[in-house]
Amino acid sequence: MGRVLIIGCGGVASVAIQKCCQNSAVFQEIMIASRTKAKCDALRQQLEGKTDTKITTAQVDADNKDEVVALIRGYQPELVMNIALPYQDLAIMEACLECRVNYMDTANYEPENIEEPAWRAAYEKRCKEQGFSAYFDYSWQWAYRKKFEEAGITALLGSGFDPGVTQAYCAYALKHEFDVIETIDILDCNGGDHGYAFATNFNPEINLREVSAPGSYWENGHWIEVPAMSIKRVYDFDQVGTKDMYLLHHEEIESLAKNIPDVKRIRFFMTFGQSYLDHMRCLEDVGMLSTTPITYEGKEIVPIQFLKTLLPDPASLGPRTKGKTNIGCIFTGKKDGKDKTYYLYNVCDHQACYQEVGSQAISYTTGVPAMIGAMMLLTGKWNKPGVFTVEEFDPDPYMEALNRWGLPWQESHQPVLVE
Ligand code: NDP
């Protein structure tokens, strides 16, 4: 049915690629293109002979729009899956626009260089106007709405787990369970243990930027920002147990606040162990999380990038990580005039993921929805020109696909609520 260009070949992409290859009826041909072509070739070798999907590979620097345009013109895909880093989102969107090809990604845009003056000025204006100070937000990609609409192509933003599946859960709850959703608590629990004192489950630079930023939530029409890790709750997660969790700013809050009518409050919590928090605080205190270049022995280095070279590669955590993740959304609201609560979640086992695709559950829970989002676009189940997030489409075929492709969901009509 489809020919797809997949950019990136890291932890998440390698899962998405393997899932595409399990689904050859939809993904007949894929090109894997990344900065380091050797990784693409190694994955192709591993998969060839085990799939009907025809795989080719290429080298690309996706920061360079013209290189992406040349690749698209040569390969003629129906869709580009951006599973590189959020830094490349705009260059790849520009290339898709120029070539009139559908686009999707798993995380919203943030710049690599947060000191760049034009970006900095827009960022500071947004901080003042909106009231949250994360480096990422949707404004950069939403700015392409009209252009994508006019070109008759679709951009699907953030089809991972969170963002991604969490928004499909919200759309599903609104469609089938509620007349009005009043509050949404997104709970992201990783009960896995990799045995290291400190490691990140996905790209360390993106991960550490996210969790070291101030927390924020949406309430009564505006953002409330709080110091990083200053709101803590304890929750007993199905199949994982009791964990400490902390309120974080998270990108899907921004789109859900616009797309879920009358919602009063949206919060996002993630679980962290004490060892992770102690290490992070120490690294931050000594400046190792900084993205500002410094000169070391005559050479310019970026501290957080140097730190990345010291930390375990997230892709190497697969064989060591034991335990489960539990990610979902708790809703309160009204149905037929009565108060109602509802919880939708997925439990995913790190070792089961490793047996299937050689990765831990964080890459798995992101890579599977990336494949599913692509499938929605390729099969025409989701088909409208413009730039959209997951909750703006019919959730039913996506929810069905989650059950079929490895992330079955569970529900509870009497969940314990978060205080
Ligand atoms: P990795 O660092 O493991 O992989 C990133 C890949 O992108 C690597 O193959 C890397 O190449 C490639 N890449 C980086 N820069 C370029 C470039 N300029 N041109 C071409 N390729 C490039 O990251 P992850 O797999 O952990 O994360 C992938 C994405 O998924 C990120 O955007 C992350 O934010 C997102 N994510 C989303 C989640 C969700 O639930 N929605 C959860 C977790 C992650 P090289 O091998 O040379 O380094």
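Below, all heavy atoms of this structure are taken into account, side chains as well, without hydrogens, waters or symmetry copies. One-based numbering, in listed order, for ligands and for the atoms of each.
Of the protein's non-hydrogen atoms, Cys9 N, 2.9 Å is the one closest to atom 9 (O) of ligand 1. Atom 44 (C) of ligand 1 has as its closest protein heavy atom Phe202 CD1, 3.4 Å. Atom 26 (O) of ligand 1 has as its closest protein heavy atom Asn203 N, 3.2 Å. Regarding atom 27 (O) of ligand 1, its nearest protein heavy-atom neighbour is Val12 CG2, 3.7 Å. Distance from atom 11 (O) of ligand 1 to its nearest protein heavy atom, with residue and atom name: Ser34 OG, 3.4 Å. Annotation: atom 4 (O) of ligand 1 to nearest protein heavy atom, Gly10 CA, 3.3 Å. Regarding atom 29 (C) of ligand 1, its nearest protein heavy-atom neighbour is Ala84 O, 3.2 Å. In terms of protein heavy atoms, atom 21 (N) of ligand 1 is closest to Arg35 N, 3.3 Å.
Residue Leu283 is tested with Leu307, Ile304, Leu311 for a side-chain contact (heavy atoms from CB on, under 4.5 Å); the sole match is Leu307.
Atoms of ligand 1 found under 4.0 Å from any heavy atom of Gly11, numbered from 1 in the order shown, are 3 (O), 25 (O). The atoms of ligand 1 that sit less than 4.0 Å from any heavy atom of Ile83 are 28 (C). Close approach of ligand 1 to Phe161 is summarised as follows: ligand atoms under 4.0 Å from at least one heavy atom of the residue are 39 (C), 40 (O), 41 (N). In summary, the atoms of ligand 1 found under 4.0 Å from a heavy atom of Asp61, numbered by their order in the structure, are 17 (C), 18 (N), 19 (N). In summary, the atoms of ligand 1 found under 4.0 Å from a heavy atom of Val60, numbered by their order in the structure, are 19 (N), 20 (C). Numbered from 1 in the order shown, with element, the atoms of ligand 1 that lie under 4.0 Å from a heavy atom of Lys39 read 45 (P), 46 (O), 48 (O). Distances below 4.0 Å separate heavy atoms of Ile206 from the following atoms of ligand 1: 34 (O).
Checked by distance only, ligand 1 and Ala62 come closer than 3.5 Å through their nitrogen or oxygen atoms. Close N/O approach between Gly8 and ligand 1 is not found [any backbone or side-chain N/O within under 3.5 Å].
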Check the pair Tyr398 / Ser159 against side chain to side chain donor-acceptor pair (under 3.5 Å), numbers first and verdict last.
CA-CA 10 Å; Tyr398 195 95; Ser159 187; 2.8 Å; yes

Begin with the C-alpha distance, continue with both residues' side-chain angles, and end with the deciding distance and a verdict on side chain to side chain donor-acceptor pair (under 3.5 Å) for Gln305 and Lys308.
CA-CA 5 Å; Gln305 286 174 358; Lys308 184 183 170 199; over 6 Å; no

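At a 4.0 Å heavy-atom cut-off, ligand 1 touches Thr366 through the side chain alone. At a heavy-atom distance under 4.0 Å, only side-chain atoms of Ala107, from C-beta outward, approach ligand 1.
A salt bridge does not link Arg145 with Glu149: none of the charged nitrogens is closer than 4.0 Å to a carboxylate oxygen.
Both cation-pi conditions hold for Arg126 and Phe132: the charged atom is under 6.0 angstrom from the six-membered ring centre and inside a 45 degree cone around its axis.
Remark: among candidates Leu85, Thr36, Ile92, Thr106, the nearest residue to atom 37 (C) of ligand 1 is Thr106, based on non-hydrogen atoms.
The shortest heavy-atom distance from Pro314 to ligand 1 is not under 4.0 Å. Ligand 1 does not have Gly158 within reach: every non-hydrogen atom of the residue lies 4.0 Å or more from it. Proximity of Gly164 to ligand 1 is not established, as no heavy-atom distance is less than 4.0 Å.
Environment of NZ in Lys54: sparse, with no more than 12 heavy atoms of neighbouring residues, nucleotides or ligands closer than 6.0 Å.
Expressed to the nearest 0.5 Å, how far CG of Leu208 lies from CZ of Phe202 amounts to 9.0 Å. Taken to the nearest 0.5 Å, the SG atom of Cys9 stands 11.0 Å off from the CZ atom of Arg44. Here the straight-line distance linking atom NZ of Lys19 with atom CZ of Phe27 works out to 11.5 Å at 0.5 Å rounding.
The shortest side-chain heavy-atom distance between Glu252 and Ile266 does not fall under the 4.5 Å cut-off. Within the 4.5 Å cutoff, the side chain of Thr325 has heavy atoms near those of the His350 side chain.
The aromatic ring centroids of Phe136 and Tyr109 lie 6.0 Å or more from each other.
Using the six-membered ring where Trp is involved, Tyr123 and Tyr135 have ring planes that are tilted, between 30° and 60° apart.
Using modelled atom types and a 3.5 Å distance limit, the side chains of Gln141 and Asp105 yield a donor-acceptor pair.
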